[in-house]
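Below is one structure, written out as structure tokens, with a few remarks after it.
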Amino acid sequence: MLREPGGTPIGEEIRHTLKHSAANHAMTPETELLLMNASRAQLVREVIRPALAAGEIVLCDRFYDSTTAYQGYGRQLDLGIVKGIIDYAVGQTRPHLTLLLLIPQEVSERRRLARQATLPFMRDRIEEADRDFFERVAQGYLAIAAAEPERVRSLSAGHNVPQLHEEIWCVVEPLLPR
């Protein structure tokens, strides 16, 4: 399983700059957009394409749609420019399936605060954003899901983990080679 930003040595350096560096307080939304996609371009070319060419299944924690949601909707950058930069970073490498796990905003906020509490020595600049930012991000994901319901499958993640696991498996299993 891969993560974004990150997933390669270069990507992990970019991840640190984006999220954890003490020097990133003045980072502009435009810089964030470009750095996210620099990490993504490296990940696509170094890891994802070779894995797909070898017939492997690739799972990624955040990918293609995250930039639209976070930088487009959340940071309120021009969606056309955001899409163009994402398209340049990924080329023809697009997700076949995206699982959008839906949870109530209050649960999301609790989890975010709990994550921050477990990282006392490392701040996360993105998670420091205000509630309005995260509400815009959530609306962005919903807009993406509404625009591409065949690719983006929305699942309620507010119940227990075994039930969510079963629901995910029901969506994924038919797509796997027999």
request  = Please determine, by modelled atom types, if Glu32 and Gln71 share a side-chain donor-acceptor pair under 3.5 angstrom.
outcome  =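 Side chains of Glu32 and Gln71: pair found under 3.5 Å.
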inquiry  = Ignoring hydrogens and geometry beyond distance, is a side-chain donor-acceptor pair present between Ser66 and Tyr141 at under 3.5 Å?
reply    = yes
Is a side-chain donor or acceptor of [X] paired with a backbone partner of [Y] at a separation under 3.5 angstrom?
X: Ser39; Y: Leu35; result: no
X: Asn37; Y: Ala89; result: no
X: Glu12; Y: Gly7; result: yes

Would [X] and [Y] show up in the same hydrophobic cluster when neighbours are defined by side-chain heavy atoms closer than 4.5 Å?
X: Leu34; Y: Tyr88; result: no
X: Leu175; Y: Val152; result: no
X: Val107; Y: Val137; result: no
X: Ile57; Y: Leu52; result: no

Working to the nearest 0.5 angstrom, can you tell me the gap between [X] [atom1] and [Y] [atom2]?
X: Ile14; Y: Glu4; atom1: CD1; atom2: CD; result: 10.5 Å
X: Thr31; Y: Met36; atom1: OG1; atom2: CE; result: 12.0 Å
X: Leu97; Y: Glu150; atom1: CG; atom2: CD; result: 11.0 Å

For the residue pair [X] and [Y], what are the closest heavy atoms and their distance?
X: Ser156; Y: Glu167; result: O-OE1, 4.0 Å
X: Gly6; Y: Leu43; result: O-CD1, 3.8 Å
X: Phe134; Y: Ile126; result: CZ-O, 3.5 Å
X: Val82; Y: Gly72; result: CG2-CA, 4.0 Å
X: Leu99; Y: Ile168; result: CD1-CG2, 3.6 Å
X: Ala157; Y: Leu164; result: CB-CD2, 3.9 Å

Cationic tip of Arg75 above Tyr70 ring, under 6.0 Å, 45° of axis = no
Face-on cation placement of Arg40 at Phe63 ring, 6.0 Å and 45° thresholds = yes
Compare all side-chain heavy atoms of [X] with those of [Y] and state whether any distance is below 4.5 angstrom.
X: Leu77; Y: Ile81; answer: no
X: Asn24; Y: Leu18; answer: no
X: Tyr64; Y: Val90; answer: yes
X: Met27; Y: Thr17; answer: yes
X: Glu13; Y: Thr8; answer: no
X: Leu102; Y: Leu142; answer: yes
X: Met1; Y: Cys60; answer: no
X: Tyr73; Y: Thr67; answer: no

request  = Show your reasoning for whether side-chain contact (heavy atoms from CB on, under 4.5 Å) applies to His25 and Arg125.
outcome  = CA-CA 8 Å; His25 289 283; Arg125 185 185 61 80; 5.9 Å; no
request  = Using the side-chain hydrogen bond (donor to acceptor under 3.5 Å, both in side chains) rule, take Thr93 and Arg45 through it: C-alpha gap first, then chi angles, then the decisive distance, then the call.
outcome  = CA-CA 9 Å; Thr93 307; Arg45 286 152 185 83; over 6 Å; no
Charged N-O contact under 4.0 Å between [X] and [Y]:
X: Asp124; Y: Arg15; result: no
X: Arg110; Y: Glu106; result: no
X: Arg136; Y: Asp132; result: no

request  = Please test Arg94 against Asp87 for salt bridge (charged side-chain N to carboxylate O under 4.0 Å, His left out), starting from the C-alpha separation and ending with a verdict.
outcome  = CA-CA 9 Å; Arg94 307 294 168 97; Asp87 288 346; 3.3 Å; yes
request  = Please lay out, stage by stage, how Lys19 and Glu127 fare under the test salt bridge (charged side-chain N to carboxylate O under 4.0 Å, His left out).
outcome  = CA-CA 8 Å; Lys19 298 182 74 158; Glu127 290 201 0; 5.4 Å; no
key: Other residues, nucleotides, ligands: >12 heavy atoms within 6.0 Å of Glu173 CD   =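 Above 12, so yes.
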Derivation of the side-chain contact (heavy atoms from CB on, under 4.5 Å) call for Asp61 and Leu2 = CA-CA 6 Å; Asp61 177 16; Leu2 304 172; over 6 Å; no
Derivation and outcome, side-chain contact (heavy atoms from CB on, under 4.5 Å), residues Arg153 and Leu100 = CA-CA 6 Å; Arg153 300 293 299 273; Leu100 176 59; over 6 Å; no
request  = Could you go through the side-chain contact (heavy atoms from CB on, under 4.5 Å) check for Arg151 and Ile144 one step at a time?
outcome  = CA-CA 10 Å; Arg151 178 179 65 83; Ile144 294 164; 4.1 Å; yes
